[in-house]
There are 2 protein chains.
Amino acid sequence: MAEQAAKSLSAEAGGRGAENRERIVAAADRLFYEKGFQATSFSDIAEAAGVPKGNFYYYFKTKDALLEGVIDWRRQCLKKLLETLNQSHDDPRARLMALLQGLCAGEDDIVRYGCPMGTLSAELCKSGHEMKERAQSLLEVIREWIAAQLQAIGRDDAPELAREILTRSQGVTLLAHAYGDHALLVEEMARVRHWVDAVLDGRPH
Amino acid sequence: MAEQAAKSLSAEAGGRGAENRERIVAAADRLFYEKGFQATSFSDIAEAAGVPKGNFYYYFKTKDALLEGVIDWRRQCLKKLLETLNQSHDDPRARLMALLQGLCAGEDDIVRYGCPMGTLSAELCKSGHEMKERAQSLLEVIREWIAAQLQAIGRDDAPELAREILTRSQGVTLLAHAYGDHALLVEEMARVRHWVDAVLDGRPH
DNA sequence: GTCTATAGCCGGATAGAC
DNA sequence: GTCTATCCGGCTATAGAC
């Protein structure tokens with residue numbers, strides 16, 4: 001009976017463990033996004049996730065390990081998003097435009113906290129954090145996806161064009177964030193979309 | 001004689017004081033740029049400036065006050081730079097292109113630490129720092145200068161175009177920083193310049 | 001697996017001698 | 001004005017009971 005109780009407790013704890021782990025990552029993900037990595041403490045995360053501080057170290061040895069988990073989580077989310085776009089649009093061009101449109105979906109978040117990939121990369125690069133390459137890989141995932149769509153369209157300048165699209169998008173999100181300007185985000189993203197449209201049509205722009 | 005000594009000491013101290021103050025600001029400016037504001041401690045600055053920690057509080061009551069001094073210092077440097085451009089080129093278009101060319105001047109710094117205005121704004125916005133508007137004003141200074149050049153050329157879309165130029169430049173510096181990619185900076189900045197050239201010529205681009 | 005208590009460190013900031 | 005010594009608080013991380 002003692003074993004039974006222990007077992008069911010353990011099983012439940014195992015389930016809870018995975019659940020807890022995910023809760024921690026999700027809470028950290030959000031807080032790292034909102035406040036930045038350095039500015040977020042374990043106390044902040046503990047409070048947000050409803051998990052006691054000391055319990056973190058069962059799941060993550062260090063704060064860096066937690067960051068690693070968060071970045072991988074973001075990559076999964078990103079890939080899921082791109083996969084959704086792949087499935088909901090057959091036309092690569094429609095996919096691309098849907099992505100650019102979608103970047104304005106989380107409008108308020110972007111204005112308040114910037115781009116989840118760009119701001120994280122910037123912070124980690126500046127502080128010389130070992131995880132900066134991993135954050136960079138988030139940008140790389142999206143750049144490669146854009147390039148893939150462009151190549152499917154038949155552009156032989158797909159890599160360069162993808163880089164420019166990413167560059168311009170990042171510029172827009174950075175300035176919208178810096179100025180806290182909602183209209184800037186919407187208007188400049190529209191400009192980017194029109195520019196992409198014109199390029200793909202072979203029109204002057 | 002005691003008064004005299006005190007006076008000369010005071011005068012010398014005043015001179016030293018101003019010198020020390022400037023040394024502190026210059027050192028902080030550099031470190032805030034290289035490591036970021038939050039990641040830079042007084043100890044770091046003290047070491048770099050050759051001034052004992054405790055002495056800081058004679059010049060700056062808080063770290064925020066020091067940040068304020070650094071931002072104002074950056075604005076002064078920026079205005080000096082723009083004034084130099086004004087004087088070395090009569091043609092507003094030449095001024096503008098000189099600025100865009102000059103952004104690549106500190107190539108290595110930009111690749112390693114990003115744009116001094118953009119990265120600071122991003123960090124302060126994200127952490128919700130009270131000084132974020134002051135950092136934003138740095139971007140505003142440069143945006144207004146660009147708009148002034150465009151207006152002098154006779155563009156009636158000067159404000160919008162200035163914003164777009166700034167947006168694209170920030171995108172380039174962000175990505176070059178995130179990727180640590182020197183070539184990206186040079187190539188994409190060249191693209192921006194060609195685009196500006198084409199727009200000002202009224203050519204398709 | 002869970003959680004409490006706390007160690008150990010380093011940050012910004014202060015007091016006060018000189 | 002200059003500098004030393006130190007406080008206090010929050011941080012990451014650990015030890016160990018349950």
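Below, read A as the first sequence line, B as the second, and so on, with proteins coming before strands; counting in each chain starts at 1.
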>> When you measure from the side-chain N and O atoms of Tyr58(B) to the phosphate of dG1(D), is any distance below 4.0 Å, counting only OP1 and OP2?
In response: yes
>> Counting the benzene-type ring for Trp, do Phe42(B) and Phe60(B) have ring centres under 6.0 Å apart?
In response: no
> CD of Glu19(B) versus P of dG1(D): gap in Å, rounded?
Replying inline: 13 Å
> Any side-chain N or O of Asn20(A) less than 4.0 Å from the OP1 or OP2 oxygen of dT2(C)?
Replying inline: yes
> For the pair made of CZ in Phe60(B) and P in dG1(D), what is the distance, rounded to whole Å?
Replying inline: 13 Å
>> Walk along nucleotides 13-18 of chain D from 5' to 3' and tag each nucleotide B, S or - by protein heavy-atom contact under 4.0 Å, base first, then sugar-phosphate.
In response: BB----
> For DNA chain C, what residues of residues 27-41 of chain A have any heavy atom nearer than 4.0 Å?
Replying inline: none
> Sequence neighbours excluded, which residues qualify as side-chain hydrogen bond (donor to acceptor under 3.5 Å, both in side chains) partners of Arg155(A)?
Replying inline: Asp157(A)
> How far apart are the C-alpha atoms of Glu140(B) and Arg143(B), what are their side-chain angles, what is the distance that settles it, and do they pass the salt bridge (Lys or Arg N to Asp or Glu O under 4.0 Å) test?
Replying inline: CA-CA 5 Å; Glu140(B) 201 52 16; Arg143(B) 202 195 58 75; 3.0 Å; yes
>> Using a 3.5 Å distance criterion without hydrogens, assess whether the side chain of Thr62(B) forms a donor-acceptor pair with backbone atoms of Ala65(B).
In response: yes
> Rounded to the nearest Å, what distance is computed from the OH atom of residue Tyr59(A) to the C1' atom of nucleotide dC3(C)?
Replying inline: 11 Å
>> Between the side chains of Asp44(A) and Arg30(A), is the shortest nitrogen-to-carboxylate-oxygen separation below 4.0 Å, so that they form an ion pair?
In response: no
> Run the salt bridge (Lys or Arg N to Asp or Glu O under 4.0 Å) check on Glu187(A) and Arg163(B) step by step: do they pass?
Replying inline: CA-CA 11 Å; Glu187(A) 288 164 23; Arg163(B) 194 169 79 173; 2.7 Å; yes
